Novice: 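Provided herewith is a single structure, encoded as structure tokens, for subsequent inquiry.
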Amino acid sequence: MSTGIHRRADQERLDGLHASLAQEFEVQTARLTELTADTGDPGQAHTQSALIAATRQTLEQITGALRRIAEGTYGVCERCQGDIPAERLEILPHARYCVPCQQKQNG
């Protein structure tokens, strides 16, 4: 297989991922809008705050992945500059680090 075909397949994969992330961004944005609407139930305030924080974090992660796609750095570890395995990106599309660097980041 020539590199042109590989590049086209990679670009198609990135285009599909971009579309999927953009759609998820819209879903999460709508969810955040719903969550921030005043429910009037003070008993749910703590739970609602946690859901809002989690949704905002998800939106930040999606935005970061979309930015990296646009910049051409998607799939490159931000710490060691090595490739992030495709399997990891399939499971965690917003991954910023390869597994060893993520473990160092958490540790």
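Keep in mind that what you see is a predicted model, and the values were worked out from it rather than measured.
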Novice: So which heavy atom on H18 is nearest to which on L66, and how close?
Specialist: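 Result for this residue pair: CD2-CD2, 3.5 Å.
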Novice: Answer whether the closest heavy-atom distance between the side chains of R56 and T36 falls below 4.5 Å.
Specialist: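 Contact flag for R56/T36 side chains = yes.
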Novice: About how many Å separate CG of L17 and CD of E24, when rounded to the nearest 0.5 Å?
Specialist: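 Spacing of CD (E24) from CG (L17) equals 11.5 Å.
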Novice: Taking salt bridge (charged side-chain N to carboxylate O under 4.0 Å, His left out) as the definition, give me every residue that meets it alongside R67, ordered by chain and number, with sequence neighbours left out.
Specialist: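 For R67, the residues satisfying salt bridge (charged side-chain N to carboxylate O under 4.0 Å, His left out) (neighbours in sequence not counted) are E71.
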Novice: List the atom of R88, the atom of Y97, and the distance in Å for their closest heavy-atom pair.
Specialist: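 Where R88 meets Y97 most closely, the heavy atoms are NE-O, 2.8 Å.
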Novice: Decide whether I62 and L51 are clustered together by the hydrophobic rule: side chain heavy atoms of Ile, Leu, Val, Met, Phe, Trp, Tyr closer than 4.5 Å, transitively.
Specialist: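 Per the 4.5 Å side-chain linkage, I62 and L51 are co-clustered.
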Novice: For the pair R68 (side chain) and H94 (backbone), establish whether a donor and an acceptor sit closer than 3.5 Å, ignoring hydrogens and angles.
Specialist: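 Yes, because the side chain of R68 sits within donor-acceptor range (under 3.5 Å) of the backbone of H94.
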Novice: What pair of heavy atoms forms the shortest contact from I84 to C77, and how long is it?
Specialist: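 Closest pair (atom of I84, atom of C77, distance): CG1-N, 3.7 Å.
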Novice: Can a donor-acceptor pair be found, under 3.5 Å and without considering hydrogens, that links the side chain of R96 to the backbone of Q61?
Specialist: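 No; judged by distance alone, with no hydrogens or angles, the pair does not exist.
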Novice: Where is the tightest heavy-atom contact between L89 and G75, given as atom of each residue plus distance?
Specialist: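 Heavy-atom minimum between the residues: CD1-CA, 3.7 Å.
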Novice: Could you see if L59 belongs to whatever hydrophobic cluster contains I52? Use Ile, Leu, Val, Met, Phe, Trp, Tyr and a side-chain cutoff under 4.5 Å.
Specialist: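 Yes, L59 and I52 fall within the same hydrophobic cluster.
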Novice: Report, one line per pair, each donor and acceptor closer than 3.5 Å where one atom sits in a side chain of residues 98-107; sequence neighbours left out.
Specialist:
from, atom 1, to, atom 2, distance (Å)
Q102, NE2, N106, OD1, 3.1

Novice: Between T29 and F25, is there a donor-acceptor pair closer than 3.5 Å when you use the side chain of the first and the backbone of the second?
Specialist: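 Judged by distance alone, yes, a pair lies under 3.5 Å.
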